[in-house]
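A short write-up of the structure that comes next.
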Amino acid sequence: MIETRLLVYFLTIAQEETISKAAETLHITQSTLSKQMKDLEDQLGKTLFIRGKRKITLTEEGRYLQQRAREIVDLVSATEGALKKDAELLNGNIYFGCGETHHMSDITQCFKNLQQIYPQIHLHLYSGDHTVVMDRLDKGLLDIGLVVEPNFREGYDYYYIGRSDKSVLLMRQDDSLAQKTELQKEELKKLPLILSRQGFASPTDYELFGTSRSNLNIMATYNLINNMLFLVEQGLGYAVTLSCLLPPHHPTLTYRPIVPTLENKWYLVTHSHRLFSPTATRFLEELKNFFSAE
């Protein structure tokens, strides 16, 4: 079994790209670190590093181990933090995952309220779409997720926060469709579309268009919004997205509502059968109290 300490050493080398810098960061000698990594390669029976003259790079097996090692170290860190709590003062880490949404303003406000009472708590945010957030919840790397219109799964608890956002069509300001105040869903069928992989993951998601995926002109897909904006700016297509995700007063882009309106609801998600740390439990209570009060 691989020791967690060796995984930390391995990740440090991958980050620093030289044995000397990694050894300095870890406060151990270069010879000790080199031997530890040679032992790790022998234990796994794989070559993890390509040792160049100026820097060290990872092999394909090394990149795979890097991904897994990060998850393992994060999970160990989260577990240790939960177990080392002070009996009288709430402290420790909260791991929270979500996509891009302005509702994070309320989430962070709740954390601020809690941290003013318990200054020893720490929030770790992980950004990703629904698939990424659920995957990290599955692995125990997140305590709580915030997702839009989830595919409800057994083994998870969902809490509707009372917020929903409308689907809109994003386009260039100089586009002819920008002259309209709203767009009928029938008008979208012939347009080159840029769709969210999360928002259009199942056949029922295409009810917005009144047709199946095969009848649409889908020229690109995206998971987070920032890079998608460049596609629309280049005039490559029209993006179906949520109005809440768009940057205000964008210099070249605008959006128009799609009718009939499609509401997308936001949910807090937790694993039903995983024990929370006291810190994560208290934060979840704070969130539920905040949204229920509204």
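Just so it is clear, the model here is predicted, and its values are computed rather than measured.
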All ring-ring contact (aromatic ring centres under 6.0 Å, His included) counterparts of Tyr156, not counting sequence neighbours: His271
Non-neighbouring partners of Tyr64 that pass ring-ring contact (aromatic ring centres under 6.0 Å, His included), sequence neighbours left out: none
For Ser272, side-chain hydrogen bond (donor to acceptor under 3.5 Å, both in side chains) partners two or more places apart: Asp157
Glu60: partners by salt bridge (charged side-chain N to carboxylate O under 4.0 Å, His left out), with sequence neighbours left out: none
By side-chain hydrogen bond (donor to acceptor under 3.5 Å, both in side chains) - contacts of Arg172 (at least two apart): Asp174
Partner residues of His124 under the ring-ring contact (aromatic ring centres under 6.0 Å, His included) criterion, sequence neighbours left out: Tyr95
Pairs touching residues 278-292 that satisfy salt bridge (Lys or Arg N to Asp or Glu O under 4.0 Å), sequence neighbours left out: Arg282-Glu286
Tyr267: partners by ring-ring contact (aromatic ring centres under 6.0 Å, His included), with sequence neighbours left out: Phe152, Tyr160
Residue pairs passing the ring pair (Phe, Tyr, Trp, His ring centres under 6.0 Å) test where at least one lies in residues 162-191, sequence neighbours excluded: none
Glu61: salt bridge (charged side-chain N to carboxylate O under 4.0 Å, His left out) partners, not counting sequence neighbours: none
Salt bridge (charged side-chain N to carboxylate O under 4.0 Å, His left out) partners of Lys265, counting only residues at least two apart: none
Set of salt bridge (charged side-chain N to carboxylate O under 4.0 Å, His left out) partners for Glu16, sequence neighbours left out: none
